[in-house]
There are 2 protein chains.
Amino acid sequence: MADVARRAGVSMATASRALSNHPHVAAATRARVLAAAEQLSYVVSPEASRLAGGATGRVAVVVPHISRWFFATLLEGIESVLRDADLDVLLYHVGDAADRRDFFQRLPARRKADAVVVLGMPVRDGERERLETMGVHIVAAGGQVEAYPYVSIDDASAARQAVDHLLFLNHRRIGMIATVDPAEPHWPANPGRSRAYDEALADAGLPADPSLVVTVPWGSLHGADAMARLLSLREPPTAVYAHSDEVAFGAVRTLRRAGLRIPEDMSVVGIDDHPMAELADLTTVAQPVRDQGVLAGRMLLSLLAGETATTGVTVPTRLVVRGSTAPPRR
Amino acid sequence: MADVARRAGVSMATASRALSNHPHVAAATRARVLAAAEQLSYVVSPEASRLAGGATGRVAVVVPHISRWFFATLLEGIESVLRDADLDVLLYHVGDAADRRDFFQRLPARRKADAVVVLGMPVRDGERERLETMGVHIVAAGGQVEAYPYVSIDDASAARQAVDHLLFLNHRRIGMIATVDPAEPHWPANPGRSRAYDEALADAGLPADPSLVVTVPWGSLHGADAMARLLSLREPPTAVYAHSDEVAFGAVRTLRRAGLRIPEDMSVVGIDDHPMAELADLTTVAQPVRDQGVLAGRMLLSLLAGETATTGVTVPTRLVVRGSTAPPRR
DNA sequence: GCAATCATTGGAAGCGTTTCCGATGACGCA
DNA sequence: TGCGTCATCGGAAACGCTTCCAATGATTGC
């Protein structure tokens with residue numbers, strides 16, 4: 001940087017100010033410095049900058065299950081925005097509660113990042129405050145709605161779209177395969193998706209039948225198990241609503257193995273519009289996953305730019321009717 | 001750090017040495033320093049450390065397609081090892097050639113990471129040299145075999161397992177769906193998987209029939225197209241070998257829509273053992289994806305520890321026979 | 001038993017920025 | 001014209017660590 005300053009004929013102090021867009025630098029001077037930096041193809045050392053009190057130029061992204069399509073796609077969207085803004089992405093896989101505690105404890109202390117994006121899980125108030133007091137911004141994506149900047153779908157309305165579709169087709173016995181996060185089995189992964197199911201049935205004047213609801217850890221194989229349980233009922237449902245497409249795929253497998261036809265013998269609907277859903281001809285409620293990542297990235301950028309925080313954004317979902325749903329036979 | 005040194009009754013120099021595992025520190029002293037650090041819950045500032053000439057404690061991972069199961073899973077494996085070793089993961093999505101050039105140009109200059117893991121693509125000699133001259137270690141995973149540390153499967157042998165299985169079942173007209181990376185359409189994604197197909201047929205004394213080979217961009221939908229092209233042949237194959245499971249899924253969809261039965265009318269085999277393969281009852285050649293990530297991470301760790309470089313590791317694949325393959329009918 | 005060798009340790013000089021504080025000059029207003 | 005303001009800019013002190021260079025004391029070979 002000394003070279004740049006010399007070449008521009010200013011002091012290092014001024015060079016630094018010009019380079020980091022500070023006010024109180026004459027436009028002409030700034031231009032001169034920028035030109036000099038350009039010619040010397042100079043870039044500030046993030047380490048030194050950070051050490052002296054600047055920003056790190058890094059954003060931490062906390063992901064619960066990297067290899068799941070949903071999170072990986074979200075991550076892809078975030079990365080693209082952040083990379084365009086010349087920010088680096090620090091990836092943290094946070095599986096269980098211990099990891100999580102570890103993360104929130106360590107990161108702020110080490111000040112490794114200027115901001116945090118939390119994917120797919122709610123941020124507790126204490127954690128949020130802790131980060132914010134340390135000047136670390138925070139944004140959530142693909143998770144539950146809370147009182148801080150987030151991007152997500154409206155779980156309840158997505159669920160309604162799925163269940164209402166089944167209801168509209170005249171199904172009266174509708175099963176639900178709900179999921180919990182295998183890493184945190186005590187918290188339902190998507191309470192909104194369950195609640196909306198209850199409400200939809202109630203609104204349709206149908207009685208709540210707990211035996212039609214089975215809760216399993218997330219995953220296709222568990223979805224298959226869940227379907228088996230539903231089939232073992234004295235009076236199985238005529239349609240099944242699964243909390244996610246991957247779970248629905250498992251259900252479909254079980255139905256096939258049982259020799260049942262879809263949608264003639266059983267309708268199946270999922271949520272997500274996983275790329276495989278089109279191939280499997282699965283009716284589902286689509287959500288724009290990558291876009292949510294992009295939006296979250298942008299939101300973070302404006303937060304970092306000092307703009308006033310948006311409360312949150314809910315992106316729309318839409319029912320995609322394919323071949324896995326039809327009116328019940330009887 | 002001054003606090004830690006004081007508390008341990010040593011100088012900062014010694015404290016630094018103890019903390020960063022340098023030799024020439026008495027075991028007792030080191031223990032004392034470590035204990036003091038523990039009590040004060042102190043961690044070295046990576047910025048300051050790096051600035052003063054130390055390591056960044058960061059590893060860059062370069063991924064071509066984050067949202068694909070294969071890469072996301074590899075990434076998950078790498079992250080877990082690196083995180084255990086207290087290294088941070090910097091994620092870089094490198095889609096096309098421009099991104100790639102950008103990455104290799106920028107990263108070394110800014111010295112943001114101590115090492116680089118490149119997923120799923122060959123590293124060119126120039127790039128490797130550039131990194132190594134700057135003291136940045138490099139490891140590749142899930143890609144093609146080259147003359148530097150890598151972890152991957154033996155593409156040729158995996159392909160042989162798939163094709164030989166078909167041959168063993170007595171198929172004589174075997175189609176292949178080969179893939180290219182949509183971002184770099186001029187380079188075949190997996191030349192080894194194509195070559196082995198040719199060789200297997202030759203070894204079986206079968207003539208090479210170019211019309212049985214169709215090359216498409218990676219992806220299920222493209223796989224579906226490819227299958228359609230194969231079906232439009234005057235004499236379609238009796239079995240199809242796809243370069244990856246995702247492509248095979250697409251092929252399966254086309255076959256179903258065409259009213260053909262699997263495996264009676266057509267056998268299908270893929271490579272990867274994607275989680276969905278079990279659900280789809282797809283015969284495939286399984287490769288340990290997460291393990292490859294873990295291995296790559298470990299390899300990097302030993303490189304970072306100054307141990308002599310391993311040339312590379314090839315992990316075994318195995319044929320998983322499911323319901324999508326059977327002898328031809330006629 | 002003595003000198004040479006070696007393992008440990010401490011002192012202090014950076015590493016490349018940012019920012020506080022004060023200085024300088026230009027500009028506006030009375 | 002004179003003086004106060006304010007926009008700009010420069011000097012220098014951190015920021016928190018690593019490592020070179022010596023110095024010290026312990027160990028070993030003859």
Side-chain angles (χ1 to χ4, degrees), chain A residues 1-37 40-58 86 88 106 108-114 134-135 304 306, chain B residues 1-37 40-58 86-88 108-114 134-135 304 306:
Chain A
M1 180 157 181
D3 294 338
V4 173
R6 202 172 314 126
R7 184 173 190 122
V10 298
S11 72
M12 274 193 52
T14 304
S16 171
R17 279 186 284 250
L19 257 1
S20 44
N21 255 323
H22 266 266
H24 294 299
V25 175
T29 311
R30 166 160 325 183
R32 210 141 27 85
V33 173
L34 259 28
L40 272 49
S41 71
Y42 159 91
V43 282
V44 303
S45 149
E47 326 294 343
S49 168
R50 175 70 203 129
L51 182 56
T56 63
R58 272 175 244 128
D86 240 313
D88 289 318
R106 282 192 157 162
R110 311 186 125 193
R111 300 197 125 258
K112 290 181 169 179
D114 304 327
M134 308 218 56
L304 248 22
Chain B
M1 180 158 183
D3 294 338
V4 173
R6 203 172 313 125
R7 184 173 191 123
V10 298
S11 71
M12 272 193 56
T14 304
S16 171
R17 279 186 283 251
L19 257 1
S20 43
N21 254 323
H22 266 266
H24 294 301
V25 176
T29 310
R30 168 164 330 207
R32 206 140 31 84
V33 173
L34 258 29
L40 271 51
S41 72
Y42 159 92
V43 283
V44 304
S45 149
E47 326 294 344
S49 169
R50 174 74 202 124
L51 184 55
T56 62
R58 273 175 242 130
D86 241 313
L87 290 171
D88 289 318
R110 313 187 125 191
R111 299 197 125 260
K112 291 181 170 179
D114 304 327
M134 309 218 56
L304 249 22

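Note that these values count all heavy atoms, side chains included, but never hydrogens, waters or copies made by symmetry. Below, read A as the first sequence line, B as the second, and so on, with proteins coming before strands; counting in each chain starts at 1.
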* Asked: Within the structure, does a side-chain N or O atom of His22(B) lie under 4.0 Å from either OP1 or OP2 of dT18(D)?
  -> no
* Given dT18(C), dC9(D), dT9(C), which nucleotide is nearest the side-chain atoms of Val25(B)? -> dT9(C)
* Asked: For dT19(D), does OP1 or OP2 lie under 4.0 Å from any side-chain N or O of Ser16(B)?
  -> no
* Structure fact -> By nearest-heavy-atom nucleotide on DNA chain D, the more 5' of Arg17(B) and Leu51(B) is Leu51(B)
* Under 4.0 Å between a side-chain N/O of Ser45(B) and OP1 or OP2 of dG16(D), yes or no? -> no
* Asked: Looking at OG1 of Thr14(A) and CZ of Arg32(A), how far apart are the two atoms once the value is rounded to the nearest 0.5 Å?
  -> 9.5 Å
* To do: Output the single nucleotide from dC17(D), dG10(D), dC9(D) whose closest atom is nearest the side chain of Ala26(A).
  => dC9(D)
* Asked: Does Ser16(B) offer a backbone N or O that forms a donor-acceptor pair with the side chain of Ser20(B) under 3.5 Å?
  -> yes
* First encountered from the 5' end of DNA chain C, between Gly53(A) and Gly9(B) -> Gly9(B)
* Write down the distance between CZ (Arg30(A)) and P (dT8(D)), rounded to a whole number of angstrom. => 9 Å
* To do: Examine dG10(D): is either OP1 or OP2 under 4.0 Å from a nitrogen or oxygen in the side chain of Thr14(A)? Give yes or no.
  => yes
* Asked: So, is Ser20(A) close to the dT17(C) phosphate, meaning a side-chain N or O under 4.0 Å from OP1 or OP2?
  -> no
* Asked: So does Arg58(A) pair up with Asp114(A), basic N to acidic O under 4.0 Å?
  -> no
* To do: Give Ser49(A) one of three labels, base, sugar-phosphate or nothing, depending on what nucleic acid heavy atoms sit under 4.0 Å from its own.
  => sugar-phosphate
* Any side-chain N or O of His24(A) under 4.0 Å from OP1/OP2 of dC9(D)? -> no
